[in-house]
There are 2 protein chains.
Amino acid sequence: MILALAGGVGGAKLAAGLSAVLPPEQLAIVVNTGDDFEHLGLRISPDIDTVTYTLAGIANRELGWGIAGESWAFMDQLAKLGGESWFRLGDRDLATHVERTRRLAAGESLTTITAALAGAHGIAHRIVPMADDPAPTIVHSDEGALAFQDYFVRRQCAPKLTGLALAPHVRPSTAFAALIDDPALEGVIVCPSNPYLSIDPILALDGVRERLKARGVPIIAVSPIIAGKAVKGPAAKIMAELGVPVSSAGIADHYRGWIDGLVIDESDRAAVDEIRDMRLLVTPTLMRDDADRHALAEAVIGWVQQWHLAGANPISAPKA
Amino acid sequence: MILALAGGVGGAKLAAGLSAVLPPEQLAIVVNTGDDFEHLGLRISPDIDTVTYTLAGIANRELGWGIAGESWAFMDQLAKLGGESWFRLGDRDLATHVERTRRLAAGESLTTITAALAGAHGIAHRIVPMADDPAPTIVHSDEGALAFQDYFVRRQCAPKLTGLALAPHVRPSTAFAALIDDPALEGVIVCPSNPYLSIDPILALDGVRERLKARGVPIIAVSPIIAGKAVKGPAAKIMAELGVPVSSAGIADHYRGWIDGLVIDESDRAAVDEIRDMRLLVTPTLMRDDADRHALAEAVIGWVQQWHLAGANPISAPKA
């Protein structure tokens, strides 16, 4: 069983690739909820929705969020009524938030609701929130402390990030905790999501980083940086603001000591000389279409399998 | 200043006619909130919305509720997700409920919110909820006690009504109470709304019936029954089930002792011989279009003015 850790668009793409390659019982996708917030009285879980919509094949590829072919009658009317319209909710997307909010108010857990909504979309693979309790990420910036969506959507990541405050003392969801302890666990794949905004909140949950490491299975990250740029989102901007090299080497620095291997793009082949203390897989990582997603998923899964075939011995050399 | 009491479609039509004829400072429309309920975590005020949408000129005349030219992407998606879809909420209409719910949660009163939403629709006339506190009407039927919308929408008024339980000990909203005491009050117009479901809940509020009567201004009702039928809604069915004559005479019986005059349709002219203890205005009351609404509004306002011109003397005779 493979445990994938995912956040937004890039993570969702690889998660979709993994779900196309692995049967449901061999994959669980644990999703960041540090971006979750209450808006218009609704509980919104952007990363869970991005993963769900992507696996369901209905994600809006143009926008990078929401549902393909979406309509905006609700939002347009809300703006006319003087309501808040900076966080745009499509008419179909809204059904997700209304139904989630109603079920939470009825006492269901986010885990149960996420599974039910995924099931309604015909998704057989497990999509698991990292936590059932709120774990809001706070962005510290040159404009002060900002709630995550205030930074990410309202301010379009314009403020200069100076640091992140991840919610302390939050337990992983029961389902996530059970996956960490699952005897069938064969590997952890850190999807090419933003390490700071999407992955660190998962690893910051009580005991998660240590318990995953203690399992002794290969932990492999896929670099979200290709040729010095993030495919989507503010990862590159944030790394630059934090004084971190905007490169696969910078990603290696970030995860060093926790991951066992890093997957980097072919265009970053030169980084092999830079990252000498970590196993590397050099392969195309840009996911433009479904074929790219499947190929990357197969490459990463193949690497995990190779790891197990090698037993306790290290894999001979980086594929370079 | 005219105080109009209104409920659903028929009441909203006359309210719109009155608002076309009277300037904003000379009209206040107090609306039933006995139908209000929580659904999908949203606070829904059907009669307030019907009056607001009608005055804004955007009411859906085909459906009799909601907004003209509405789309249903939200509702269709919610049904796909397994959510409750028996109470249909259009995409634009939904903005009203989300914004109302958000503002109520933020501590604003239903009165304030209703005024703000009416203002956003460009309505200058006052639309005032009968109460800020919940005042849910319970329908007693041959299938037991039903929450109002369970009876009205989910069961499409199919159960046989045996009685109504109006919320006890609810105060009128501060704004309604102020209107009752307003020295400028010249008359009360009971719109052709369902007497049982729309008007009685208003009159059942603490002290309302007595305080309005004590003002000594003419109280005039417009019969919602024309030629033995309700123009819209279950008024005729309910009257039959309660053993009341389905006629203007039945409406006169219902309001007797409280109203000073009843407006009946020309087709019910024969009722003049039946209703001998009450002043009557016989005039066309069917409102098919805006011209009908204006004509009825002018007829009713004219009758109120005539009352005042007549001073303490009764108006000579029913217009028959």
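Atom set for the values below is all heavy atoms of this structure, side chains included, hydrogens, waters and symmetry mates excluded. Each chain gets a letter, A, B and so on, in the order the sequences are listed, and its residues count up from 1. Just so it is clear, the model here is predicted, and its values are computed rather than measured.
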Heavy-atom contact with chain B under 4.5 Å, split by part of A:His39: neither
Residues of residues 99-117 of chain B contacting chain A, heavy-atom criterion under 4.5 Å, by residue number: B:Glu99, B:Arg102, B:Arg103, B:Leu117
Options A:Ala120, A:Gly41, A:Ala73, A:Gly119, ranked by heavy-atom pairs under 4.5 Å with chain B, top entry: A:Ala73
Sorted by number, residues from residues 77-92 of chain A in contact with chain B (heavy atoms, under 4.5 Å): A:Gln77, A:Leu78, A:Lys80, A:Leu81, A:Gly82, A:Gly83, A:Glu84, A:Asp91, A:Arg92
Distance-minimising heavy-atom pair for A:Phe74 and B:Val98: CE1-CG2, 3.7 Å
Contacts of A:Asp35 that satisfy side-chain hydrogen bond (donor to acceptor under 3.5 Å, both in side chains) - sequence neighbours left out: A:Asn32
Contacts of residues 43-50 of chain A with chain B (heavy atom under 4.5 Å): none
